[in-house]
Amino acid sequence: MKITIDKSLVSNRMVDSHYHRYKAMGADFMKSLADKTCAGNDFLGWIDLPAQTDKEFLDEINETANKLRTNSEVVVVIGIGGSYLGARAVIESQKNSFKDNGCEVVYAGHQLSPGYLTELTTYLRTKKWSIISISKSGTTTEPALAFRHLRLELVEQFGENAMKERVVAITDASKGALRQLADAKGMKTFVIPDDVGGRFSVFTPVGLLPIAVAGFDIKALIAGAVEMQKQIWSKTDNVALEYAALRNTLLQNGHTTEVLANYHHKFHYIGEWWKQLFGESEGKDGKGIFPASVDLTTDLHSMGQYIQDGNRNLFETVVKFENGQLKPEKISRNDENLDKLNYLSGKDFGFVNNNAMEATMLAHNSGGVPNILLKLKDDGIETVGALLYFFMATCAISGLMLQVNPFDQPGVEDYKTNMFALLEKPGFEAQLEEIKKLRQKLKF
Ligand code: PA5
């Protein structure tokens, strides 16, 4: 089993309050997900996807990735939200911190900061490079603008044929501007299934192609997800339901913020992906647990004070990797001992890190922060595949427990409407007038 849950640091009083009730209710929610009768039931394609992914499809992704790796030193992955975070989470969880695995993957279209594209364009002028452009709707402003800028730059550097040789688009089968552009320019494309939403799309080409380009084993990633898929849907007493029930129990006890904590230097972007998954799925209708994440022990020196001693509306979910792929460095003996660290000589950095984790969990728990411990077998790509699937299944069940539709995101439209109005996009004239009035009233 790749993931187990330890709830020793969630008090019995809390567990007794709602946990068993949520677990019992959860069986019905799991059934409504499995037989597709729940809210948002047109976005449940992710449930069976790992087991339905065949070898031929993965071979095709690997073939395209190898072509890009062969003709590029750098591949730019353009996308935002669910069209970028899953790939980055897996790549960063596996990549060496100081060198690339044969091909550098960089990102664009995930924000609008103007200086970023200036730096990226200058960097790419000295490289052989390619683009993977990802957008399910094919119309999202940030990636669409980045793609316009970068593909014109690419064509200037490598000629018009680069649109066929050096660009892959991942988008809807028929809808959206990216699909039209891809067809018009003869670009290689992969399709994002209709019934898989952005933040649930890491096991589609959205995640798989960039991960393969970065040089990592997508077959192992899918194998981990398949194992977790089988584990979760074969019995109602499973880890995803357990985690979903615990989260909602803690919420009912006033713990409205969940802090996902890791003690692993490659976990940061899994935390970023997790925040989007839970934030966009649960935060609606005035409900939801606010998802935050910390990298420890680093953030003990920035957020540690608040977690220990601030507003008591937090709970922590700690992710522990039982085994790492890398052998920890040993701490040497030093006869001078001027730094007074000889008491640790002979031990290794894994020993110190584990003790820091246990010390922190106990301290935070004594300070009134319940701790859920997720134990992962190791930090390899197969386990990461299992972990991402586990989080997606938990999120779906937990959202249904909260009585929201976990698969839509109506709230993200509001900023877009305002932005289009301010950018004077045709069709948004009435909204611009409204904004002008509001600005006058607020003196903003
Ligand atoms: O989870 C989601 O649906 C969103 O975060 C989208 O992935 C994000 O808004 C990007 O959308 P698109 O892929 O249509 O460009």
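Atoms within each ligand, like the ligands themselves, are counted from 1 in listed order.
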*Phe216 pairs by side-chain contact (heavy atoms from CB on, under 4.5 Å) with which of Val384, Leu221, Ile91?*
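Going through the options one by one, the only one that passes is Ile91.
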Numbered atoms of ligand 1 (with element) below 4.0 Å of [X], judged on heavy atoms:
X: Ile80; value: 7 (O), 8 (C), 10 (C)
X: Arg199; value: 1 (O), 2 (C), 3 (O)
X: Gln409; value: 3 (O)
X: Thr140; value: 11 (O), 12 (P), 14 (O), 15 (O)
X: Gln276; value: 1 (O), 2 (C), 4 (C), 5 (O)

_Residue selection (non-hydrogen contact nearest atom 14 (O) of ligand 1) among Ser201, Gly79, Ser137_ = Ser137
*Nearest candidate to atom 3 (O) of ligand 1, where distance is taken over non-hydrogen atoms, out of Gly279, Gly198, Gly176*: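 Going through Gly279, Gly198, Gly176 one by one, Gly198 has the nearest heavy atom to atom 3 (O) of ligand 1.
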*asked:* Please list the nearest protein heavy atom to atom 4 (C) of ligand 1 with its residue and the distance rounded to 0.1 Å.
replied: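 In this structure, atom 4 (C) of ligand 1 has Glu280 OE1, 3.4 Å as its nearest protein heavy atom.
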*Judged by modelled atom types alone, do Gln252 and Tyr22 share a side-chain donor-acceptor pair under 3.5 Å?*
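Yes, a side-chain donor-acceptor pair sits under 3.5 Å.
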*Do Ser398 and Arg247 have a side chain donor and acceptor closer than 3.5 Å?*
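A pair is found: one side chain offers a donor N or O, the other an acceptor, under 3.5 Å apart.
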*Does any N/O atom on Gly82 come nearer than 3.5 Å to any N/O atom on ligand 1?*
yes
_Ser83 N/O to ligand 1 N/O under 3.5 Å_ = yes
*Can we call the ring centroids of Tyr263 and Phe321 under 6.0 Å apart?*
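So the answer is no for these two rings.
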*Quickly, which of Thr317, Asp295, Asp299 forms a side chain to side chain donor-acceptor pair (under 3.5 Å) with Asn262? Name it, please.*
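So, applying the side chain to side chain donor-acceptor pair (under 3.5 Å) to Asn262 and each of Thr317, Asp295, Asp299, only Asp295 qualifies.
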_Can you tell me which residue among Glu153, Glu156, Gln157 is in a side chain to side chain donor-acceptor pair (under 3.5 Å) with Arg125?_
Glu153
*asked:* Does the protein come close to atom 9 (O) of ligand 1 - that is, does one of its heavy atoms sit below 4.0 Å from that atom?
replied: no
*Checking Lys275 against Phe278: charged group under 6.0 Å from the ring centre and within 45 degrees of the axis?*
no
_Residues Asn371, His364; criterion side-chain hydrogen bond (donor to acceptor under 3.5 Å, both in side chains); working and verdict_ = CA-CA 8 Å; Asn371 270 240; His364 289 177; 5.3 Å; no
